[in-house]
Asks: 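Take this structure first; my questions come after.
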Amino acid sequence: QVQLVESGGGLVQAGGSLRLSCAASGRTFSSYAMGWFRQAPGKEREFVAAITRSGGSSYYADPVKGRFTISRDNANNTVYLQMNSLKPEDTAVYYCAAAPTTYNLYSARRYDYWGQGTQVTVSS
């Protein structure tokens with residue numbers, strides 16, 4: 001079992017930045033690829049970014065490429081999402097998730113464990 005707790009969400013003006021954190025406990029953190037997803041009101045949950053177990057590779061959804069950066073600290077069991085140049089359309093609840101595989105990390109179905117989410121609101 002892996003427990004995930006997100007933090008760092010909040011209200012920010014367009015063009016601003018936030019850094020989300022996801023602290024993991026339970027089984028070996030470095031055994032899991034990690035991902036961030038988001039869900040806006042009335043919309044389906046969508047992939048944002050993912051990072052492999054070692055942190056050697058990362059993947060991004062097109063809308064956030066060049067603005068968001070995913071990273072991880074395996075010594076401290078934490079994954080981060082640095083979000084810059086935020087836009088109102090980035091407003092959503094952001095979830096971190098853990099996957100036992102590095103295959104097709106774009107799909108939510110690959111992830112076994114999820115956090116409770118943290119709200120990000122970007123005002124125009």
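Here, residue 1 is the first one in the sequence, and each next residue gets the next number.
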Asks: Between Y94 and F68, how do the two ring planes meet: parallel, tilted or perpendicular, split at 30° and 60°?
Replies: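 Rings of Y94 and F68: tilted, 30 to 60°.
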Asks: Take Q1 and Y113, measure what side chain to side chain contact (heavy atoms under 4.5 Å, CB included) needs, and give me the verdict at the end.
Replies: CA-CA 8 Å; Q1 193 79 2; Y113 303 103; 3.7 Å; yes
Asks: Over all heavy atoms of both residues, which pair between T102 and A33 is shortest? Give the atoms and the distance, please.
Replies: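 In terms of heavy atoms, the two residues are closest at CG2-CB, 4.2 Å.
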Asks: Consider only side-chain heavy atoms of I, L, V, M, F, W and Y, link residues closer than 4.5 Å, and tell whether W114 and F47 are in one cluster.
Replies: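 They do share one cluster, since a chain of ILVMFWY contacts under 4.5 Å joins W114 to F47.
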Asks: Are P63 and R38 packed together at the side-chain level, in the sense that at least one heavy-atom pair is separated by less than 4.5 angstrom?
Replies: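 Counting from C-beta outward, P63 and R38 do come under 4.5 Å.
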Asks: Could you check whether D90 pairs with K87 (Lys NZ or Arg NE/NH1/NH2 to Asp/Glu carboxylate O, under 4.0 Å)?
Replies: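 Salt bridge between D90 and K87, a charged N being under 4.0 Å from a carboxylate O: no.
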Asks: To the nearest 0.5 Å, what is the distance between OG (S25) and CD (Q3)?
Replies: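 S25 OG to Q3 CD: 4.0 Å, rounded to 0.5 Å.
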Asks: Taking all non-hydrogen atoms of both residues into account, name the closest pair between A99 and L105 and its distance.
Replies: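 Closest heavy-atom pair between A99 and L105: CB-CD2, 3.9 Å.
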Asks: Where do D112 and P100 come nearest, in terms of heavy atoms and distance?
Replies: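 Looks like OD2-CG, 3.3 Å.
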Asks: Please check if V12 and M83 belong to a single hydrophobic cluster, counting links between Ile, Leu, Val, Met, Phe, Trp and Tyr side chain heavy atoms closer than 4.5 Å.
Replies: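 Same hydrophobic cluster.
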Asks: Taking a hydrophobic cluster as the set of Ile, Leu, Val, Met, Phe, Trp and Tyr residues connected by side-chain heavy atoms closer than 4.5 Å, whether directly or through intermediates, do W36 and Y60 fall within one such cluster?
Replies: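 Yes.
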Asks: In Å, rounded to the nearest 0.5 Å, how long is the span from CD1 of I70 to OG of S57?
Replies: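 Nearest 0.5 Å value for the CD1-OG distance: 11.5 Å.
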Asks: Check for me, please, whether I51 and V64 land in the same ILVMFWY cluster - side-chain distances under 4.5 Å, paths through other members count.
Replies: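 Looking at the clustering, V64 is in the same group as I51.
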Asks: So do the side chains of V48 and L81 get within less than 4.5 Å of each other, counting heavy atoms only?
Replies: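 Yes, close enough: below the 4.5 Å cut-off.
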Asks: Please report the shortest heavy-atom distance between A40 and A92, naming the atom on each side.
Replies: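 For A40 and A92, the tightest heavy-atom pair comes out as N-CB, 3.8 Å.
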Asks: Would you say the side-chain atoms of Q13 and S123 include a donor-acceptor pair closer than 3.5 Å?
Replies: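 Side-chain D/A pair, Q13 to S123: absent.
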Asks: Is there side-chain contact between L4 and M34, with at least one heavy-atom pair below 4.5 Å?
Replies: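 Yes, their side chains come closer than 4.5 Å.
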Asks: Atom OG1 of T91 and atom CD of E89: how far apart are they, to the nearest 0.5 Å?
Replies: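 Those atoms lie 8.5 Å apart.
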Asks: Can you check whether S17 reaches Q82 side chain to side chain, under 4.5 Å on heavy atoms?
Replies: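 They are in contact (side-chain heavy atoms under 4.5 Å apart), so the answer is yes.
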Asks: Do you reckon F29 sits in the same ILVMFWY cluster as Y111, going by side-chain contacts under 4.5 Å, direct or chained?
Replies: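 F29 and Y111: separate clusters.
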Asks: Under the side chain to side chain contact (heavy atoms under 4.5 Å, CB included) rule, what do R110 and Y103 come out as? Steps first, then yes or no, please.
Replies: CA-CA 8 Å; R110 297 296 173 182; Y103 173 70; 3.1 Å; yes
Asks: Check whether any side-chain heavy atom of T118 sits under 4.5 Å from a side-chain heavy atom of V93, and report yes or no.
Replies: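 No, too far: nothing below the 4.5 Å cut-off.
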Asks: Indicate, with yes or no, if the rings of F37 and Y95 have centres closer together than 6.0 Å.
Replies: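 So the answer is no for these two rings.
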Asks: Would you kindly say whether D73 and T78 are connected by a side-chain donor-acceptor distance under 3.5 Å?
Replies: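 Looking only at side-chain atoms, T78 and D73 do not form any donor-acceptor pair under 3.5 Å.
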Asks: Please check: side-chain N/O of E6 versus main-chain N/O of C96, any donor-acceptor pairing under 3.5 Å?
Replies: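 Indeed, once roles are kept as given, a pair shorter than 3.5 Å links the two residues.
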Asks: May I ask you to establish whether R53 and Y32 are in a cation-pi arrangement, using a distance under 6.0 Å from NZ or CZ to the six-membered ring centre and at most 45° from the ring axis?
Replies: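 That pair does not qualify as a cation-pi contact.
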